[in-house]
Each structure stands twice: as structure tokens, then as C-alpha cells.
There are 2 protein chains.
Amino acid sequence: MTTTRRLHTQQDMRRRNLAAVLYAVADGGPASRARVADRIGLTRTAVSTLVDDLLAAGLLAEAGLGHSGAPGRPGTVLALSDRGPCGLGAEIGVDHLAVCAVDLRGRVRARAAVDSANRGSAPEPVLARLAALVTRVHDEVTAAGLHPAGLRVAVPGLVSRDRAHVVQAPNLGWRDVDLTTGPLAAHAPLTADNEANLGALAELWIGDPVCRTGDVLHISAEIGIGSAILTDGRLLRGNRGFAGELGHVPVRRRGENCACGGRGCLEQYAGEAALLRAVGLDPARAVADHPGPGARSAYLAGRAEHGDPDVLRALRGAGTDLGIALTGATHLLDPHALVLGGALAVLAPWLLPSLTAELTRRLGTAPPLVVSRLGADGPLLGAAHAVTRTVLDDPLRTGTAPG
Amino acid sequence: MTTTRRLHTQQDMRRRNLAAVLYAVADGGPASRARVADRIGLTRTAVSTLVDDLLAAGLLAEAGLGHSGAPGRPGTVLALSDRGPCGLGAEIGVDHLAVCAVDLRGRVRARAAVDSANRGSAPEPVLARLAALVTRVHDEVTAAGLHPAGLRVAVPGLVSRDRAHVVQAPNLGWRDVDLTTGPLAAHAPLTADNEANLGALAELWIGDPVCRTGDVLHISAEIGIGSAILTDGRLLRGNRGFAGELGHVPVRRRGENCACGGRGCLEQYAGEAALLRAVGLDPARAVADHPGPGARSAYLAGRAEHGDPDVLRALRGAGTDLGIALTGATHLLDPHALVLGGALAVLAPWLLPSLTAELTRRLGTAPPLVVSRLGADGPLLGAAHAVTRTVLDDPLRTGTAPG
DNA sequence: GCCATTTCGTCAGGGCTATTTACAAATTAG
DNA sequence: CTAATTTGTAAATAGCCCTGACGAAATGGC
């Protein structure tokens with residue numbers, strides 16, 4: 001009952017201002033203390049003491065004097081450290097594994113990936129293979145003077161609220177897998193999240209600027225059709241963390257029965273399996289023939305580029321059904337933009353005509369449709385950036401656990 | 001580009017802690033300084049100085065010594081003042097006007113209402129009639145020692161981002177009406193909001209406790225079918241403030257054409273007009289025959305109670321279509337609960353069977369369906385409470401404008 | 001080259017906020 | 001009546017940011 005208000009102690013104030021300094025440098029680029037003070041509205045004096053702490057913690061670094069040509073003493077340029085903490089991101093795909101490391105400046109400093117038939121496999125060998133990749137990347141960035149502050153794992157499924165367990169990953173066949181007990185968590189504190197969520201966050205942080213200016217619905221099809229709702233710079237997760245299941249929004253009143261228990265779900269008409277079936281392929285065979293992230297989409301895109309009429313018709317139909325589902329979502333959320341990520345970004349050229357037609361027909365003025373430029377890399381980059389974000393948000397780690 | 005972080009000054013800290021004290025008393029009930037300190041995690045000393053300011057501002061009042069029976073010196077009980085600021089709420093319905101005043105304790109101290117055929121009327125006479133009600137309520141509470149801190153107006157339509165204009169109210173026939181220039185704003189700073197939003201906020205603040213514990217979708221049909229998304233104790237408004245238009249979510253791929261430009265919209269099957277037509281009535285005639293808030297719903301409920309087969313069938317169908325739309329919304333938002341407010345609350349007994357059947361069939365486990373106990377009073381009470389909330393949130397008015 | 005001007009970073013002093021410590025006041029338990 | 005407990009306040013302290021002032025380091029005009 002008691003709505004305990006987050007109360008603000010002086011430490012909270014300090015923490016926020018430390019974060020404000022870091023974000024001023026992260027978003028606005030390297031700058032002197034005086035310029036940072038102008039950006040965030042504090043005095044030079046206050047910024048100086050904040051910067052002292054951040055230099056001591058190894059989060060900021062001085063990069064010499066800045067020559068601007070303007071009169072006045074030049075300031076010492078402050079930049080985010082490229083030898084301080086970094087974030088490790090990992091991705092468990094249906095048929096591949098990937099790991100990368102990102103420094104505070106947002107640069108990818110190391111990455112590794114392998115094909116891996118994870119569908120239907122027991123978790124242990126998959127996690128062991130992934131742990132080997134993590135070790136490789138970890139050693140590489142450690143040699144470069146970085147120290148990983150955490151490891152976030154992108155999972156194609158539902159993740160528990162404490163971010164430690166995979167509750168359910170239908171496309172892997174996993175249920176209730178604890179990620180923290182295995183060898184994965186050996187190098188850095190581990191947290192997990194849904195890949196669609198991380199893909200959307202990547203878009204928010206390093207993707208199209210339109211995502212930073214309002215509420216956005218980020219649609220990201222891989223095997224299923226997921227989505228993520230970004231509102232006010234944050235992710236809407238829902239009660240159990242299951243929000244964004246666009247693939248199971250009904251688009252036909254009496255349609256195909258779906259594995260989710262419903263019928264007429266969007267996924268039955270615009271999902272990868274539906275597309276493959278519509279062009280006369282067996283989904284299971286196709287996955288075996290074209291393994292790897294985005295391989296089926298690339299295959300379909302290839303056929304579409306050659307004008308294959310079956311593929312073109314299938315994509316046209318998928319665009320229309322996607323348009324129906326997104327009409328409903330737009331009425332509910334009134335988003336600032338709709339972003340197509342993952343496989344949808346690759347297939348966008350052939351989906352967009354019927355999709356935009358359906359949206360404008362039903363909505364009059366549809367929100368702008370943006371195609372992600374991160375594509376299949378979104379979830380992996382989002383995972384790594386999620387870690388560096390926790391460092392920037394609470395620079396001196398006065399908080400307890402990484403968010 | 002520069003994501004300007006809200007920086008925290010000492011004044012911000014103070015403001016938050018002042019608000020924390022007020023909410024500790026508002027949510028947890030009257031209590032001594034020491035007990036408040038325990039509730040919000042500050043020291044007794046700090047709470048004492050905060051309370052001093054709040055007493056001086058007339059927001060808190062000392063209510064004698066508390067006798068608990070436990071050993072130790074009894075504390076002086078602090079309660080929210082019932083003679084300090086209050087909130088004025090007003091409602092512009094299609095066929096009625098209402099105003100009420102709520103004190104900081106949440107009690108309704110005065111109210112007034114009249115039937116008024118507003119549909120199709122020019123704004124000026126309507127606003128003049130409403131202003132007369134406001135004056136009556138204002139004088140009444142002023143005589144009781146309260147001073148109104150603001151007036152919030154609930155409008156059945158879309159409100160501009162600055163909360164001063166009605167952008168569009170189709171059921172009134174209004175477009176671009178400035179509310180602040182008329183006689184309405186004479187007594188207190190005026191802001192407007194959508195009635196569905198305010199109904200949902202009322203549910204959050206004074207309604208079912210389930211709304212306070214997670215994300216909630218609040219459905220409130222009056223003439224149209226609106227909804228509001230509560231996430232993390234706040235309202236999701238969307239890009240233009242149009243979020244929550246549940247009535248225009250498609251439930252039929254090729255259905256009736258709707259005034260919104262779409263087709264197969266939920267409102268065509270579960271809206272008030274559709275229900276009236278389904279039982280053989282002309283919607284316009286029915287509104288004339290049964291004016292007033294909730295009158296058509298009450299009429300339909302009356303016939304349903306007598307077992308009228310046409311009405312029962314119509315409500316069954318509406319429940320099913322509502323279930324389809326809410327299935328999609330649940331997949332997108334994963335809400336903690338679905339709340340039925342407004343006319344839906346009255347008709348709930350006959351809607352719920354087919355609605356829950358559709359939801360459980362499609363979702364497996366549906367979120368709990370809660371029937372609002374505020375009913376038609378929601379928007380009006382929400383409007384008044386919205387004002388008192390701005391007082392509690394920033395007790396000493398260091399901020400500029402009321403939110 | 002020299003000096004005025006401008007900007008940068010830091011130091012000293014002060015104000016605001018909450019905490020610590022201490023203490024008087026008011027109640028219950030025995 | 002005394003011991004124990006709890007309440008509210010006062011004084012001193014620590015943390016954080018601001019104001020004002022100052023030396024340092026650049027540019028521009030002479």
C-alpha cells in the first residue's frame with residue numbers, strides 16, 4: 001500500500017550528477033570541464049570535483065589540450081576512457097552463438113561468433129560453447145587494458161524478472177534454465193534479457209535518432225515476431241516481462257490455430273515459417289539448409305531480388321497482415337515511429353509497399369516507418385551496451401546490483 | 001542529440017523529500033514524525049524540519065497526541081490538512097456537466113452537476129454553464145476554508161500537449177477549442193485532459209489496489225471505447241497524446257467501415273451505437289430518450305436483467321469482440337490486470353462471460369479482469385485528484401507550472 | 001614584443017540538506 | 001516511584017553545490 005517514494009539523499013544527487021557528466025561527454029563528445037558544465041547546467045567548480053572522481057575511477061581520461069582557435073585559455077579535453085570498464089554482450093541464437101565487447105566510448109573492441117545448432121539441444125553444451133567464446137573475448141579485451149564490468153546474454157525467449165533464468169525459449173526448446181550457475185558467469189556478473197528487448201534498446205542507444213525523441217514500437221522478427229515498446233527512453237516490460245509479443249496479436253478472427261493456444265495470430269501469416277511454407281519450403285529443412293543468423297531472410301531476399309513471384313506474393317501478404325497488427329498497436333500506443341529490425345530490415349524493400357499501404361488505408365496518417373540500420377547485430381550490441389550503460393548510470397557503483 | 005539528464009540540485013532533493021513526507025501520510029494514514037521517518041527512511045530530525053515547512057504551508061496539520069498503549073512518549077499525530085489547498089475537477093460529458101472539489105485527504109467536499117445537451121452545441125454556452133457550476137463549487141469550498149489550487153477538466157476527446165486546448169472531440173463536434181480564454185479559468189489555473197486518461201488515473205489513485213502494483217490496461221467505454229495504459233504508476237500518452245484508442249483496434253480483417261477511416265474496428269461491434277443498433281434502436285433517438293451519464297448503459301442493463309434475448313445476444317457478441325481486441329493488447333502489453341470502467345462496469349455482468357471465455361481460449365491464462373468500483377465517477381474524481389496530486393508532488397510550488 | 005581580453009581550472013568561503021549525538025519530555029511496566 | 005521506552009528538538013558535523021576571486025594560458029591589437 002505504502003507507495004514508498006524514492007527518496008533522494010545527497011549520495012543520490014552526487015550519483016546523478018556523476019552520470020550527467022559522463023553522459024554529457026558520451027552524447028556530446030569530448031569536451032573541457034567548462035563545456036561540460038555548460039552542457040549540464042552545473043558550475044565549473046562542481047564539474048571539477050565530479051571529474052576528479054571520475055578520473056580517479058578510470059571512467060574518464062584527459063586527452064590533452066583543446067585548440068579551438070578562439071581566445072581564452074584552452075581547456076583540457078575530457079573523453080570517456082578506452083581502458084576502463086567495458087561491457088560484454090552475448091547472444092544465443094537458434095543456430096549461432098556470438099559474443100562481443102564494447103568499451104565506454106561505444107566501440108566494439110572484440111567479437112567472436114560460431115555457428116551452433118542450438119535448437120533442441122540441451123542447455124549445458126550450448127552454454128559451454130558460449131562460455132568458450134566469452135573467455136576468448138574476455139582475454140582479448142583484458143590484454144587491451146579493459147576490464148569487463150558485466151556480461152549480458154540475449155536470449156530468444158522469456159527471461160525471469162531477476163534476469164538470471166530463461167523461463168521459456170520455445171525455439172530452443174528450453175525451460176527454466178539457470179544461466180548463472182554454469183561456466184558463463186565465471187568472468188563477470190551475468191544478467192540475461194530477451195533479444196527483442198536488447199535489439200530495441202540498441203536502436204535507442206546507438207541506432208536511429210528518431211528512437212530517442214519519443215515513444216517507439218520496435219518490431220524485430222527472427223524466428224518469431226517480437227517487438228519492444230520504448231517509452232520515455234525506457235522499455236515497457238509488462239507484468240511478467242512478456243510485453244511486445246506482436247506475433248500473437250490476432251489478425252484473423254477465425255484463423256489458423258497457433259502453438260500459443262490462440263488462432264489467427266500474426267505469426268501464422270507473417271512469421272518465418274509461414275513465409276517459407278508459402279513459397280513451398282519445409283521450415284525445418286530450410287533452417288538446416290540455411291543456418292546462421294538471418295540466413296533464411298537473406299535467401300528469401302535473394303529470390304525476391306530475382307523477381308520470384310511466389311516470394312513476392314508471400315512478402316506482400318505478410319506486409320498486409322503486419323499492417324493490420326500494427327494498426328491496432330498504433331491505436332493503442334500512438335508511437336512516434338515504427339522501427340523494423342532484425343530479419344524485417346533485410347526484407348523491408350518487399351514488405352514495405354503492402355505494409356505502408358495497409359497502414360495508411362486504415363490509419364490515414366501512419367507513424368513513420370523506419371528500417372533499422374543495426375539489423376541482425378542489434379541484440380548483441382544492445383546486450384554489450386546495456387552493461388556499459390549501467391556503468392555510466394552509476395559510475396562509482398554505490399548501488400548494489402547492476403540493473 | 002544531447003540527452004540532457006535531469007540534474008539534481010539540493011532544491012530537487014528537498015522537494016522530493018517534502019513530497020515523500022506528504023505521501024507517507026497520504027498513503028499510510030496519519031502518523032507521528034517518528035513513524036513518518038521510519039516509513040520513508042529519513043531521520044527524525046530531517047522529518048521534523050520537513051514537517052515544519054509543511055505545517056507552515058498549511059499542507060499538514062497536527063491532530064493532537066496519539067495514544068497507542070505502547071510504552072514511550074506519544075507522538076503528535078500529523079494529518080493532511082482539510083483546510084489547505086484543494087483540487088477542482090470538471091467533466092464535460094456529451095449530455096451532462098459536473099464539477100467537484102476534493103481536499104488533500106481525498107474527500108469530496110462539494111459537487112454539482114446538470115444535464116446539458118452538449119452534442120453539437122457551440123463551445124461557448126457549454127463552457128459558460130460549466131463555469132457557473134465551477135463558481136458554485138468554488139464558493140462552497142472557499143467558505144469551508146479551502147483554496148482551490150487548480151481546475152482540471154475532463155474532456156471526451158483529444159487534448160493538446162499543453163493541456164489547454166481541445167484538439168478534437170468528435171462526440172461533441174468540437175475542434176480546436178481553447179479552454180483557458182473563457183470564464184472557466186477565472187477561479188484557478190486550468191488544465192484539461194482526456195476523460196479516459198483521468199478515469200484510469202482515478203483508478204490508480206483511489207480505485208482498486210491492483211492498479212498500483214504493476215502495469216494495467218484500463219478500458220472505459222462511454223460513447224466510444226477508450227482505454228488508458230498505466231505503466232509504472234504513470235500514464236502512457238503516446239506521441240500526440242492519442243494512445244489508448246482501443247475502439248479502433250481491428251477485430252475483423254474485412255469488416256464495417258469506420259468513421260476513423262479503418263475497417264473492422266472494435267467500436268463497430270462493441271461500441272454503444274453498435275449495441276443500440278443490435279437491439280433494434282436508433283442510436284441518436286436512444287441518446288435523446290435516455291440522456292445523462294450512463295443512461296443508455298443503465299437502460300440496456302435493465303433490459304438484460306429482465307432477460308431480453310436481443311440485448312443478451314448483443315452483449316455476448318460485444319464481449320467476444322472485446323476479447324479479441326484485448327487479446328492483442330495483452331500480448332503487446334502483458335498487463336498485470338485489465339480494468340473495466342465507465343459503461344463497461346455497469347454492463348460487466350453480461351459482458352464478462354463471453355469476454356473471459358474469449359480471453360482464456362486465446363491466451364490460456366488471461367490477466368485478471370477487474371470491474372471498476374468508481375464507475376461513471378472516475379473521470380470527474382480523477383480530474384480533481386490530479387490537481388491535489390500536483391500539490392503533493394511539489395508541496396512548496398518551487399516548480400513553475402502545474403503538471 | 002607587450003598588454004588587454006577572454007576563457008579555463010582551482011581555491012576559499014558560505015549556504016543548504018541530512019546525519020550524528022545528546023538531551024529533555026512523556027508515557028508504560030513493574 | 002523507578003526503569004525502560006519512545007518522541008521531538010537542539011547543537012555539531014559532513015557532504016554537496018554555489019559564489020566570488022585568482023592565477024594560468026591562449027588570442028588579438030598595438
Side-chain angles (χ1 to χ4, degrees), chain A residues 5-21 24-25 30-56 60-79 394-396 398, chain B residues 5-21 24-25 30-56 60-79 394-396 398:
Chain A
R5 243 58 188 176
R6 257 250 318 272
L7 81 118
H8 276 253
T9 67
Q10 288 176 323
Q11 284 74 30
D12 279 317
M13 191 169 78
R14 184 71 171 173
R15 192 186 318 165
R16 295 233 177 190
N17 286 338
L18 286 165
V21 169
V25 175
S32 67
R33 290 168 174 79
R35 197 162 293 263
V36 168
D38 286 343
R39 285 183 189 164
I40 64 178
L42 291 175
T43 59
R44 294 201 307 270
T45 313
V47 170
S48 271
T49 71
L50 292 164
V51 166
D52 286 346
D53 287 358
L54 294 170
L55 288 173
L60 280 181
E62 292 189 330
L65 269 60
H67 280 261
S68 63
R73 168 181 167 181
T76 55
V77 175
L78 301 165
D394 186 5
L396 303 185
T398 54
Chain B
R5 242 59 188 174
R6 257 253 313 276
L7 80 118
H8 276 254
T9 67
Q10 288 175 322
Q11 283 75 26
D12 279 318
M13 190 169 81
R14 185 70 171 174
R15 192 185 318 166
R16 293 231 178 193
N17 286 338
L18 286 165
V21 169
V25 175
S32 67
R33 290 167 175 78
R35 198 163 294 262
V36 168
D38 286 344
R39 284 183 190 165
I40 64 178
L42 291 175
T43 60
R44 293 200 308 271
T45 313
V47 170
S48 271
T49 71
L50 293 164
V51 165
D52 286 345
D53 288 357
L54 294 169
L55 288 172
L60 280 181
E62 292 189 331
L65 269 61
H67 280 261
S68 64
R73 170 181 166 182
T76 54
V77 175
L78 301 166
D394 186 4
L396 304 185
T398 54

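In what follows, chains carry the letters A, B, and so on, assigned in the order in which the sequence lines appear, proteins first and then strands, with residues in each chain numbered from 1. Both backbone and side-chain heavy atoms feed into the values below; hydrogens, waters and symmetry mates do not.
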Enquirer: Given D:dG8, C:dT20, D:dC16, identify the nucleotide with an atom nearest to the side chain of B:Ser32.
Expert: D:dG8

Enquirer: Measuring from atom CD of A:Gln10 to atom CG of A:Asp12, what distance do you get when rounded to the nearest 0.5 angstrom?
Expert: 10.5 Å

Enquirer: Could you list the residues that satisfy side-chain contact (heavy atoms from CB on, under 4.5 Å) with B:Thr43, not counting sequence neighbours?
Expert: B:Thr45, B:Ala46

Enquirer: For B:Leu50 and for B:Leu65, locate the closest nucleotide of DNA chain C by heavy-atom distance; then report the residue assigned to the nucleotide nearer the 5' terminus.
Expert: B:Leu50

Enquirer: Could you tell me the separation between the CG atom of A:Leu18 and the C1' atom of D:dC17, rounded to a whole number of Å?
Expert: 13 Å

Enquirer: Which one, C:dT19, D:dT27, D:dC17, comes nearest to the side chain of A:Thr49?
Expert: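 Minimum distance to the A:Thr49 side chain belongs to D:dC17.
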
Enquirer: Could you work out, with side chain to side chain donor-acceptor pair (under 3.5 Å) as the rule, every residue matching B:Thr76, not counting sequence neighbours?
Expert: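 Only B:Arg33 meet the side chain to side chain donor-acceptor pair (under 3.5 Å) criterion with B:Thr76.
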
Enquirer: Let's go through B:Asp38 and B:Arg35 carefully: what are the C-alpha distance in whole Å and the side-chain angles of both, what is the deciding distance for salt bridge (Lys or Arg N to Asp or Glu O under 4.0 Å) to 0.1 Å, and is it a yes or a no?
Expert: CA-CA 5 Å; B:Asp38 286 344; B:Arg35 198 163 294 262; over 6 Å; no

Enquirer: When you measure from the side-chain N and O atoms of A:Thr43 to the phosphate of D:dC17, is any distance below 4.0 Å, counting only OP1 and OP2?
Expert: no

Enquirer: More 5' along DNA chain C: A:Gln10 or A:Ser48, using each one's nearest nucleotide?
Expert: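 Result of the comparison: A:Ser48.
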
Enquirer: Do any N or O atoms of the protein come closer than 3.5 Å to N or O atoms of nucleotides 20-22 of chain D, and which pairs are they?
Expert:
none

Enquirer: Please state how far atom CD in A:Glu62 lies from atom P in C:dC8, giving the value in whole angstrom units.
Expert: 15 Å

Enquirer: Taking CZ from B:Arg35 and C1' from D:dT7, how many angstroms apart are they, rounded to a whole number?
Expert: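 It works out to 11 Å between those atoms.
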
Enquirer: The side chain of B:Leu42 lies closest to which of these nucleotides: C:dA18, D:dG8, C:dC8?
Expert: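 When the side chain of B:Leu42 is considered, C:dA18 is the closest of C:dA18, D:dG8, C:dC8.
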
Enquirer: In chain order, what residues pass the salt bridge (Lys or Arg N to Asp or Glu O under 4.0 Å) check against B:Arg14, with sequence neighbours excluded?
Expert: B:Asp53

Enquirer: Is the phosphate of C:dT17, meaning OP1 or OP2, less than 4.0 Å from a side-chain N or O of B:Asn17?
Expert: no

Enquirer: To the nearest Å, give me how far apart CG (B:Asp52) and P (C:dA18) are.
Expert: 12 Å

Enquirer: Note down the inter-axis angle between the two ends of the helix from C:dG1-D:dC30 to C:dG30-D:dC1, five pairs each, to the nearest 10°.
Expert: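 That helix gives 0° between its end axes.
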
Enquirer: Can you check the B:Leu396 CG to C:dT17 C1' distance for me, whole Å?
Expert: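 Computing the B:Leu396:CG to C:dT17:C1' distance gives 14 Å.
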
Enquirer: Expressed in angstrom and rounded to an integer, what is the separation of A:Arg15 atom CZ from D:dG15 atom C1'?
Expert: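 Atom CZ in A:Arg15 sits about 15 Å away from atom C1' in D:dG15.
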
Enquirer: Using side-chain contact (heavy atoms from CB on, under 4.5 Å) as the criterion, list what pairs up with A:Val36, not counting sequence neighbours.
Expert: A:Val21, A:Ala24, A:Val25, A:Ala31, A:Ile40, A:Val47

Enquirer: Could you tell me how far apart B:Arg16 (CZ) and C:dT17 (P) are, to the nearest whole angstrom?
Expert: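 Whole-Å distance recorded here is 16 Å.
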
Enquirer: Working to the nearest 0.5 angstrom, can you tell me the gap between A:Leu54 CG and A:Leu396 CG?
Expert: 6.0 Å

Enquirer: State which residues pass side-chain contact (heavy atoms from CB on, under 4.5 Å) with A:Pro30; sequence neighbours excluded, sorted by chain then number.
Expert: A:Val77, A:Ala79

Enquirer: Dump the intermediate steps for side chain to side chain contact (heavy atoms under 4.5 Å, CB included) on B:Leu50 and B:Leu42, then the final yes or no.
Expert: CA-CA 10 Å; B:Leu50 293 164; B:Leu42 291 175; 3.7 Å; yes

Enquirer: Where the side chain of B:Arg33 is defined as all heavy atoms beyond and including C-beta, which of D:dG8, D:dC17, C:dT17 is the nearest nucleotide?
Expert: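 Nearest to the side-chain atoms of B:Arg33, counting from C-beta on, is D:dG8.
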
Enquirer: Looking only at side-chain atoms of A:Arg14, point me to the closest of D:dC17, C:dA26, D:dA26.
Expert: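 When the side chain of A:Arg14 is considered, D:dC17 is the closest of D:dC17, C:dA26, D:dA26.
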
Enquirer: On DNA chain D, nearest-nucleotide positions of A:Ala70 versus B:Ala70: which is more 5'?
Expert: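 Checking each residue's closest nucleotide, the 5'-ward one belongs to B:Ala70.
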
Enquirer: Expressed as a whole number of angstroms, how long is the span from B:Gln11:CD to D:dC17:P?
Expert: 12 Å

Enquirer: Got a donor-acceptor pair under 3.5 Å from the side chain of B:Arg73 to the base of D:dT6?
Expert: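 Such a pair does not exist between side chain and base.
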
Enquirer: Of the candidate nucleotides C:dC8, D:dC18, C:dT27, which contains the atom at the shortest distance from the side chain of A:Ala34?
Expert: C:dC8

Enquirer: Indicate whether OP1 or OP2 belonging to C:dG9 is found under 4.0 Å from a side-chain N or O atom of A:Thr76.
Expert: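 A:Thr76 to C:dG9 OP1/OP2: side-chain N or O found under 4.0 Å.
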
